[in-house]
**Q** 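Take a look at this one; I'll ask things after.
These figures come from a predicted structure and were not determined experimentally. Residue numbers count from 1 along this sequence. One-based numbering, in listed order, for ligands and for the atoms of each.
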Amino acid sequence: MAHKSRGTAPISVTMVGQPFPPAQTRGTYQLHELEMRNLRAAHWQEKQNATLDATDSSPLLLQDLSALAQRLTGATRAHVTLAQDSPAESRTESFTEGRTAQEDALSFGLEEVTAQSHLHGRATPPYSCSTEDYVFYSHGLFSETGRRLGGLSTAFPTSAPACAYRAQQLDTTAQLLAHTLAVHLEKQALQNSYQAAQRRAKRLEREAEVDPLTQVENHCSFERKVAMRLDLLNAKEAQGAFIMLDIDHFKSINDIYGHSFGDKYLRIIASAITSAFPPPAIVGRVGGDEFGIFVETGRTSSNYLETLLSRCRSAVQRGAAMLGKADLGRVSIGASLFPSQGRSFSHLFELADSALYASKHAGRAVNTIFSPSHHERFNSRAIGRRFDEAIGAHRLEPYFQPIVDSGTGEVQGYEVLARWCDPQRGILLPDAFASIFKDYRLAETLTRTVLERALMAYNEAGLGQRGARPASLSINLTAFDLLNPEFVFDVQSMLNRHHLDWSMITIEVTEKVMLDERSGQILRSLLELRTRGAKVALDDFGTGYGGLRHLDNWPVDILKIDRSFCAKLSQSSSGGAIAEAILLIARKCGYEVVAEGVETLEQLQMLKAMGCPRAQGFLFARPMSIEDLIQAPTRYDPASPTPSAQK
Ligand SMILES: Nc1nc2c(ncn2[C@@H]2O[C@H](COP(=O)(O)OP(=O)(O)OP(=O)(O)O)[C@@H](O)[C@H]2O)c(=O)[nH]1
């Protein structure tokens with residue numbers, strides 16, 4: 001501090017009034033400084049226990065009060081401190097380079113009495129001390145309730161006559177200051193509590209806006225903030241992108257590593273997205289494992305958006321790598337453009353969702369920027385009305401694809417596949433109306449319509465009796481069908497209506513359906529269907545994400561080897577190895593097996609050599625209408641395919 005470096009002559013201090021501790025009566029500057037340090041340390045302790053809040057505005061007020069006190073009392077210097085104000089702080093202010101030893105002594109004496117008064121509490125009678133030139137007084141400032149608010153320290157020249165008038169002036173001034181301080185501090189306390197309430201309200205408001213798990217905006221706040229931003233941008237003619245990001249196979253990740261690991265993964269993904277899209281971009285969690293992002297892109301090309309998406313994907317991969325699991329970090333992304341594709345939140349959301357669905361459909365882990373062709377395929381709202389019309393006009397039809405004994409070529413059953421016969425666009429495969437399967441009403445309607453018509457056709461055309469053995473009918477179900485507890489009873493009524501029984505029904509479900517978290521009802525429905533006599537086939541086996549655990553946990557009778565393995569049979573040794581492994585598992589566990597997507601004689605021969613009992617694919621026949629099926633053989637010779645199979 002300034003006074004340390006100055007090496008001034010020692011100041012002798014003589015106490016009057018309350019006694020000082022003995023060490024301080026020795027009276028050299030250096031000794032005093034040591035003592036003062038101790039005093040300050042003790043004072044800081046007191047400060048920590050203080051209840052009044054010294055705020056930024058206090059120093060100003062204290063300066064004003066000090067000046068006022070000086071005027072009222074005629075003191076050479078007056079110094080007002082708050083109860084929790086530190087002598088150390090006022091000392092820094094008081095001692096500056098260039099002061100004379102006398103001025104130092106003045107400040108030092110003032111501080112001395114201040115510190116004493118702080119340390120010893122109530123200053124009655126006032127503390128006082130003197131140097132050669134000055135006499136110092138310290139008055140405590142108390143509220144009406146006796147609470148210590150601060151102190152007034154004053155200095156008078158020793159040469160001035162001491163009189164009763166001075167003592168009275170000091171007392172009156174101390175009372176006035178105490179009153180002023182009390183009012184100020186009360187106002188301050190009120191202000192503080194108002195500010196604290198404001199801060200609390202802000203915090204609560206923010207808490208209501210953020211998703212507690214990931215700390216990004218929750219759905220509601222995301223929508224509100226994006227809508228507000230769009231209003232601004234609409235006025236400015238600026239450009240932006242609405243992005244949807246969905247974690248791939250998150251259900252399985254929860255399933256395999258546990259829910260709390262899933263939570264951690266979600267947090268990591270959220271923070272990766274936020275790092276890739278810092279404010280002013282808006283990031284929100286809009287679903288369980290789905291995030292929305294709105295980012296302004298300026299007047300740049302769509303290449304720039306691609307760059308942003310790639311950057312986001314890399315950030316996600318880097319974040320996921322920290323979790324040390326090789327199968328993490330895969331996300332699907334869809335984006336729509338503002339304002340060229342949409343101007344409102346709901347429209348942009350819908351289009352980005354369609355694009356996201358297109359990414360999922362394309363095999364996941366890809367980015368898709370919306371294009372109109374995605375709309376019908378991947379947007380259930382866009383297709384819903386036309387679908388309802390098609391149902392009314394009986395344009396949703398069952399097609400049948402034979403399932404054949406790979407040894408004899410004999411037809412053992414038919415898989416029922418939905419076809420939409422559109423007058424303008426011809427016969428549409430489910431891929432062209434994939435969004436139907438996202439909407440429970442449309443998905444259920446589709447299953448029931450196609451099933452009812454398939455059973456009717458099966459019965460009327462006598463399909464069950466055409467071959468040497470009754471042919472089975474394999475029906476594809478969605479999670480929505482199985483989640484409906486009424487579904488089993490509805491199928492029972494259909495079977496009754498068409499004089500058929502459960503033994504000829506096979507229910508086909510994918511691994512994804514079996515992994516559905518609402519699996520309680522799905523499992524119950526499958527068990528009920530099986531109890532009634534239907535078989536359960538696990539479709540696309542080997543492509544799912546959940547490993548082999550379904551086989552232990554779920555009621556399964558048949559494994560359908562996915563077409564991707566059959567396609568690789570003749571191309572790579574791994575395709576053959578996987579098909580062989582599936583057949584081995586099936587044999588050991590007692591499952592029936594059907595190979596899907598068999599297209600060449602070579603594939604069939606390899607499957608036969610591995611012991612695969614049944615096959616289905618273009619080598620025998622494509623899915624066909626009931627009219628074509630009636631004409632089709634009940635036994636195929638793979639060596640000389642039928643004309644329909646060659647299409
Ligand atoms: N750990 C965790 N899981 C959640 C949370 N919210 C939702 N989920 C789960 O997230 C999963 C979302 O699954 P989906 O998006 O339907 O399916 P998916 O497995 O990601 O499949 P694709 O999106 O088609 O790749 C469900 O299983 C939910 O139970 C959460 O806060 N924490």
**Q** Please report the interatomic distance CD(E350) to CZ(F370), rounded to the nearest 0.5 Å.
**A** 8.5 Å
**Q** Hey, what's the ring geometry for Y414 with F400, parallel, tilted or perpendicular (30° and 60° as the breaks)?
**A** perpendicular
**Q** Counting from 1, what ligand 1 atoms have a heavy atom of G262 closer than 4.0 Å?
**A** 1 (N)
**Q** Could you check which of K360, R267, H361, E290 puts a non-hydrogen atom nearest to atom 22 (P) of ligand 1?
**A** K360
**Q** Which option, D211, D246, N254, owns the non-hydrogen atom nearest atom 1 (N) of ligand 1?
**A** N254
**Q** For Y440, I'd like to know if atom OH has over 12 heavy atoms of other residues, nucleotides or ligands within 6.0 Å.
**A** no
**Q** Taking distance alone, with N or O pairs closer than 3.5 Å, would you say F250 contacts ligand 1?
**A** yes
**Q** Determine, for R530 against D557, whether the closest basic-nitrogen to carboxylate-oxygen distance falls under 4.0 angstrom.
**A** yes
**Q** More than 12 heavy atoms of other residues, nucleotides or ligands under 6.0 Å from NZ of K264: yes or no?
**A** no
**Q** So is L213 polar-close to ligand 1, meaning N/O to N/O under 3.5 Å?
**A** no
**Q** Would one find an N or O of S252, backbone or side chain, under 3.5 Å from an N or O of ligand 1?
**A** no
**Q** Identify whether NZ of Lys or CZ of Arg in K438 sits under 6.0 Å from the centre of the six-membered ring of Y357 and within 45° of that ring's axis.
**A** yes
**Q** In Å and rounded to the nearest 0.5 Å, what is the CZ to CH2 distance from R425 to W420?
**A** 6.5 Å
**Q** With the threshold set at under 4.0 angstrom, would you say R285 reaches ligand 1 through any of its heavy atoms?
**A** yes
**Q** Should you measure from each heavy atom of I247, which atoms of ligand 1 turn up under 4.0 Å away?
**A** 20 (O), 23 (O), 25 (O)
**Q** Applying a 4.0 Å heavy-atom criterion (strictly less than), which segment of I253 is in contact with ligand 1: side chain, backbone, both, or neither?
**A** neither
**Q** Could you list which atoms of ligand 1 come closer than 4.0 Å to a heavy atom of D248?
**A** 25 (O)
**Q** For atom 24 (O) of ligand 1, which of K264, K251, R364 has the closest heavy atom?
**A** R364
**Q** Where does D289 meet ligand 1, judged by heavy-atom distances below 4.0 Å: at the side chain, the backbone, both, or neither?
**A** side chain
**Q** Out of curiosity, I243 CD1 to L356 CG, how far, rounded to the nearest 0.5 Å?
**A** 11.5 Å
